[in-house]
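Data block below; observations after.
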Number of protein chains: 2
Amino acid sequence: MINSAQLTILRSYARKPNPPVDLPESILFDHSDKTLTIFDTYPKSIFHFLILPRISAYTGDGYTERDLTSLRTLLKGGQEKAGRVIRDLEEAAKVCVAQVEEEMVARYKFKWDIWVGFHPVPSMEHIHLHVISADMVSSSMKNKKHYNSFIPKGDFFLTLKDVSEWLEAQPSFFRKMAELKSSEYEPRLKAELACFHENCYELFKTMPQLKAHLQEEWDKRMAREKAKRERLEKLKRKSGSKKAASPSASGTTADNSQASTSTLTAEDLVELEGSQKKRRKTDESDVE
Amino acid sequence: MINSAQLTILRSYARKPNPPVDLPESILFDHSDKTLTIFDTYPKSIFHFLILPRISAYTGDGYTERDLTSLRTLLKGGQEKAGRVIRDLEEAAKVCVAQVEEEMVARYKFKWDIWVGFHPVPSMEHIHLHVISADMVSSSMKNKKHYNSFIPKGDFFLTLKDVSEWLEAQPSFFRKMAELKSSEYEPRLKAELACFHENCYELFKTMPQLKAHLQEEWDKRMAREKAKRERLEKLKRKSGSKKAASPSASGTTADNSQASTSTLTAEDLVELEGSQKKRRKTDESDVE
DNA sequence: TATTCCGATAGTGAC
DNA sequence: GTCACTATCGGAATGAG
């Protein structure tokens, strides 16, 4: 079988010994004994990471490289065997999500949704779990397939939550879902372009139009969050608090984006929003 | 009905009074009381002209502008009425063909086929007869529709000869052919790309490939003709003739092309080829 | 569903 | 089947000692 380096690059990362010293910082974001977390080379949102199971962590445990080729090959091994890998990826994803949220607050002073899931029909070999922020604002998000492959309501993106449920379900249901037939999933990528934002779902005929709209949605969201912070700051001043502003850290953003400036620190915000949450007993929309 | 200037530009030419003094030389090539011969703005071959019936020449004779909108509307008027216009266009086409052949010899020192015919489904309003040299070598020949719309064997291009035969045929046959249904003709423009040259008919997957091949065919044809001239010149020297070379005229070429140089004049060539034809009793391929 | 390159295909707007 | 512009769609190559 002839494969270009590009299609097997993830496997080459997954083969690295522990610690993966020869993986540059521009690729490797984090790692554990069992997983690697890497920056997606072509991020489709502001934050976009891939979690990979490390081959050496599983080959001593009854798995082959082939088992780890894709979600489909992994699920073929059965619920128990697949479940162990999926749970390891889930654990790494939780860490990654927490890191991304921390960086969201550091850079943008608010958190927003993060989608975690698999592609049923991947192009690159070696199973990879996507951790991607719910904005779809990125210069690498270029075509309909890119977009439709990440929208949870597009029926292509398989959330980790869904896959985890299959693993706990009746074997007959699991086997049905584990088929992951490309003939079933591929057509879904050709669906019309619909904005994924709640209370919008507007349709677009072209990618440039959709992208302009997504940028607008993102700009509006930032403006709303800024206004919210300013209301909170005002409230805080009234209540007599006296903390000063401080610069934020950096390191996880996978695409260039402009954070709005503010005189509130991340810590102030989290503190204030947390207290407000308790007071108002309402849902926050920043975490799925 | 809303039409852009581009779609009705031919009608605006056809409305010009006699003589059409305000039509620039870059557009008007020739005219008679009944017709205009204009350069095709986007020539699909080295030579490409359009023959138009002039509106004032027919409106006093029972025709409306609408009758002259297209071949289809003209034929709707019946065989006799359509025939008069077609014969006028034919007469102008004969003059045009002679002029083009003269210019072929002046510039390229040989003649090649000239196709004369209509498009059954035109885009521009006002009936126009195409007079186009059989080379399809032009920077304006850009897509499959352009190409397939002029190849006589492509079943789209209606030669003047064919249309003239309809006019003399049984009314039932005439009426059938006069329908010119776009649903019948349009699909023919999507046919595969086949070289139109006799003894070739090679298929091509892309326009750049076809165009490269057509350029090659043209270059080879020019080389063959040059070799032929040189053989003739040698023959002529042996027979003791002593005519000198002279430069050629210009004015009809509708696209930039490079003529091969030669020391033979057009007159020499025609004279020699004529005499050779008689001697060898073989076909020449330069004139149909 | 890796990207990139090339080219075909499709829709639009033109005054 | 007018053109020119934009964007989509569709295939093929992609590495490399």
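Since the model is a prediction, treat every value here as computed from it, not as a measurement. Lettering of chains follows the sequences in order, A, B, ..., and the numbering in each one begins at 1.
Distance OH (A:Tyr147) to C1' (D:dA7): 18 Å, rounded to an integer number of Å. For the pair A:Lys142 NZ and D:dA7 C1', the computed distance is 14 Å after rounding to whole Å. The CD-P distance, from A:Glu186 to D:dC9, rounds to 14 Å in whole Å. One atom, CD of B:Gln209, and another, P of C:dG7, lie 8 Å apart when rounded to the nearest Å. Going from atom NZ of B:Lys145 over to atom C1' of D:dC3 covers 12 Å, rounded to whole Å. Here the P atom of nucleotide C:dT3 and the NE2 atom of A:His119 are 11 Å apart, to the nearest Å. A straight line from CD of B:Glu125 to C1' of C:dC15 spans 14 Å, rounded to a whole angstrom. Rounded to an integer number of Å, the gap from A:Glu192 CD to D:dC9 P is 12 Å.
Phosphate contact (OP1/OP2 of C:dC6, side-chain N/O of B:Lys205, threshold under 4.0 Å): absent. Under 4.0 angstrom from either OP1 or OP2 of C:dA8 there lies no side-chain N or O belonging to B:Lys190. A close approach under 4.0 Å does occur between a side-chain nitrogen or oxygen of B:Lys44 and OP1 or OP2 of D:dC3.
Listed for the A:Tyr185 side chain is no donor-acceptor partner under 3.5 Å among the backbone atoms of A:His119. With hydrogens and angles disregarded, no donor-acceptor distance shorter than 3.5 Å links the side chain of B:Arg11 to the backbone of B:Ile127.
A side-chain donor-acceptor contact under 3.5 Å links B:Tyr58 and B:Asp88. A donor atom on one side chain and an acceptor atom on the other are not found under 3.5 Å apart for A:Gln209 and A:His213.
Judged by a 6.0 Å distance limit and a 45° cone about the ring axis, A:Lys81 is positioned over the six-membered ring of A:Tyr63.
Counting any heavy atom pair closer than 4.0 Å across all strands shown, B:Asn143 reaches sugar-phosphate atoms only and no base atom. Across all strands, B:His126 comes closer than 4.0 Å to no nucleic acid atom at all (heavy-atom distances). Contacts of A:Pro120 with the nucleic acid, taken as non-hydrogen atoms under 4.0 Å apart, are absent. Residue B:Tyr42 is classed as a sugar-phosphate contact, given heavy-atom separations below 4.0 Å to backbone atoms only.
Heavy-atom nearest nucleotides on DNA chain C were determined for B:Gln6 and for B:Leu193, and the one closer to the 5' end corresponds to B:Leu193.
Applying the salt bridge (Lys or Arg N to Asp or Glu O under 4.0 Å) test to residues at least two apart or on different chains, the pairs with a partner in residues 144-160 of chain B are B:Lys153-B:Glu198.
Comparing C:dG7, D:dT14, D:dT8 by their closest approach to the side chain of B:Pro208 singles out C:dG7. Here the nucleotide nearest the side chain of B:Thr206, chosen from C:dT3, D:dA7, C:dA8, is C:dA8.
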- How is the base pairing of DNA chain C summarised as a dot-bracket string, given the Watson-Crick and G-U wobble criteria with both distances under 3.5 Å, [ ] for crossing and | for another strand? .|||||||||||||.
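Of the C1' atoms belonging to C:dT3 and D:dG17, the separation is 25 Å, rounded to the nearest Å.
A salt bridge between A:Arg15 and A:Glu65 is present, with a side-chain N of the basic residue lying under 4.0 Å from a carboxylate O of the acidic one.
Ring planes of A:Phe39 and A:Phe49: tilted class, angle from 30 to 60°.
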